[in-house]
Amino acid sequence: MIFVVSGPSGCGKSTLIKHLLSILPDLEFSVSHTTRLPRADEVNGRDYYFVSHQEFQKMQSAGAFAESAIVHGEMYGTSLEEIKNKSEGRDLVLDIDVQGARQIKSKLEEARLIFVVPPSFPELEKRLRQRRTDSPEAIALRLENARKEILESDVFDYLVINGELARAVDELRSIIVAHRCQFKERQKEFQEILISFKADSGF
Ligand code: ADP
Ligand code: 5GP
């Protein structure tokens with residue numbers, strides 16, 4: 001299953017996903033392509049595939065993206081190859097913006113869309129400043145976009161409020177675990193249990 005996580009920049013998506021990946025087995029992270037420059041602690045191929053505008057446009061013309069968008073003035077996209085390689089038999093988490101979330105939903109109706117919000121706008125501003133990764137201009141643009149993004153949340157299935165981190169991680173984990181507990185997702189395990197219940201199964 002594909003789980004899309006979106007929300008205003010600085011609300012804590014990367015932090016939440018990092019925790020989620022460390023506690024949930026069989027969960028993969030979809031590494032996006034971007035034309036944005038890497039931040040000090042970011043690694044190519046782990047956080048993003050950092051590419052030039054030319055490379056990105058070439059991929060776009062070749063139809064290589066499942067979704068793509070211009071976000072805060074840079075290009076971002078999820079390649080079809082990334083989805084194919086990482087989603088086989090596993091759950092995949094995409095950290096993408098609202099425009100990308102809509103594109104995924106229109107192509108793949110069953111994808112689960114999760115919207116993450118901070119407890120308030122002033123808290124978002126504080127987190128962006130404290131992260132110390134963006135210039136004052138970049139922060140201003142991200143905050144301006146946040147005001148628009150929060151009004152675009154009607155397409156999402158779930159809302160996670162990232163106030164206390166542990167609680168938000170637990171909510172995110174619960175969404176995925178509840179999905180995995182559905183009858184239709186557990187047919188193989190259930191069949192094995194059913195066999196053990198048969199009178200002549202030897203148990
Ligand atoms: P995003 O990926 O949504 O842009 P980040 O995960 O980079 O956001 O988080 C932005 C900043 O907020 C980081 O400095 C992070 O450590 C901090 N942060 C994330 N979640 C919380 C939280 N629940 N409480 C306080 N600070 C948080
Ligand atoms: P950042 O530059 O802070 O890493 O990410 C900025 C925004 O781009 C975030 O909202 C993030 O979710 C979004 N983003 C990251 N990768 C993708 C992608 O592949 N597609 C889309 N549409 N948005 C992305």
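Residues take their numbers from the sequence shown, with the count starting at 1. First listed ligand is number 1; within each ligand, the first listed atom is number 1.
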So [Y] and [X], do their side chains get closer than 4.5 Å, heavy atoms only?
{"X": "Pro8", "Y": "Phe115", "value": "yes"}
{"X": "Ile2", "Y": "Leu94", "value": "yes"}
{"X": "Val116", "Y": "Leu159", "value": "no"}

Could you identify the single nearest non-hydrogen protein atom to [atom] and state the distance to 0.1 Å?
{"atom": "atom 23 (N) of ligand 2", "value": "Asp97 N, 3.0 Å"}
{"atom": "atom 4 (O) of ligand 2", "value": "Tyr48 OH, 2.5 Å"}
{"atom": "atom 7 (C) of ligand 2", "value": "Val71 CG1, 3.7 Å"}
{"atom": "atom 6 (C) of ligand 2", "value": "Tyr76 OH, 3.6 Å"}

Short N/O distance, under 3.5 Å, between [X] and ligand 2?
{"X": "His72", "answer": "no"}
{"X": "Glu42", "answer": "no"}
{"X": "Ser32", "answer": "yes"}
{"X": "Arg131", "answer": "no"}
{"X": "Val5", "answer": "no"}

Any idea which part of [X] is under 4.0 Å from ligand 2, heavy-atom wise: side chain, backbone, both or neither?
{"X": "Gln103", "result": "neither"}
{"X": "Arg39", "result": "side chain"}
{"X": "Arg142", "result": "side chain"}
{"X": "Glu67", "result": "side chain"}

Open item on the list: Could you check whether Phe183 and Phe190 have their ring centres less than 6.0 Å apart?
Closed with: yes
Open item on the list: Could you work out, with side chain to side chain contact (heavy atoms under 4.5 Å, CB included) as the rule, every residue matching Arg186, not counting sequence neighbours?
Closed with: Cys181, Glu189
Task: Set of residues satisfying side chain to side chain contact (heavy atoms under 4.5 Å, CB included) with respect to Asp26, sequence neighbours excluded - done: Arg90, Arg180
Using a 4.0 Å cut-off to any heavy atom of [X], which atoms of ligand 2 qualify?
{"X": "Ala69", "answer": "22 (N)"}
{"X": "Thr78", "answer": "19 (O)"}
{"X": "Asp95", "answer": "11 (C), 12 (O), 14 (N), 15 (C), 16 (N), 17 (C), 24 (C)"}
{"X": "Arg36", "answer": "1 (P), 2 (O), 4 (O)"}
{"X": "Gly100", "answer": "22 (N)"}

Open item on the list: Tell me whether the NZ or CZ atom of Arg36 lies within the 45° cone about the ring axis of Phe50 and under 6.0 Å from its centre.
Closed with: no
Is [X] salt-bridged to [Y], cutoff N-O under 4.0 Å?
{"X": "Glu82", "Y": "Lys86", "value": "yes"}
{"X": "Lys126", "Y": "Glu123", "value": "yes"}
{"X": "Asp47", "Y": "Lys18", "value": "no"}
{"X": "Lys148", "Y": "Glu152", "value": "no"}

Task: Pairs satisfying ring-ring contact (aromatic ring centres under 6.0 Å, His included), at least one member in residues 57-76, at least two apart - done: His33-Phe65, Tyr48-Tyr76, Phe56-Phe65
Quick one: ligand 1 N/O to protein N/O pairs below 3.5 Å?
| from | atom 1 | to | atom 2 | distance (Å) |
| --- | --- | --- | --- | --- |
| ligand 1 | 2 (O) | Ser14 | N | 2.9 |
| ligand 1 | 2 (O) | Ser14 | OG | 2.6 |
| ligand 1 | 3 (O) | Gly10 | N | 3.4 |
| ligand 1 | 3 (O) | Cys11 | N | 3.4 |
| ligand 1 | 3 (O) | Gly12 | N | 3.0 |
| ligand 1 | 3 (O) | Lys13 | N | 2.8 |
| ligand 1 | 3 (O) | Lys13 | NZ | 2.9 |
| ligand 1 | 4 (O) | Gly10 | N | 2.8 |
| ligand 1 | 4 (O) | Arg131 | NH1 | 2.9 |
| ligand 1 | 6 (O) | Ser14 | N | 3.4 |
| ligand 1 | 6 (O) | Thr15 | N | 2.9 |
| ligand 1 | 6 (O) | Thr15 | OG1 | 2.5 |
| ligand 1 | 7 (O) | Arg131 | NH1 | 2.8 |
| ligand 1 | 8 (O) | Gly12 | N | 3.1 |
| ligand 1 | 20 (N) | Asn162 | ND2 | 3.1 |
| ligand 1 | 23 (N) | Asn162 | OD1 | 2.8 |
| ligand 1 | 23 (N) | Gly163 | O | 2.9 |
| ligand 1 | 24 (N) | Arg127 | NH2 | 3.3 |

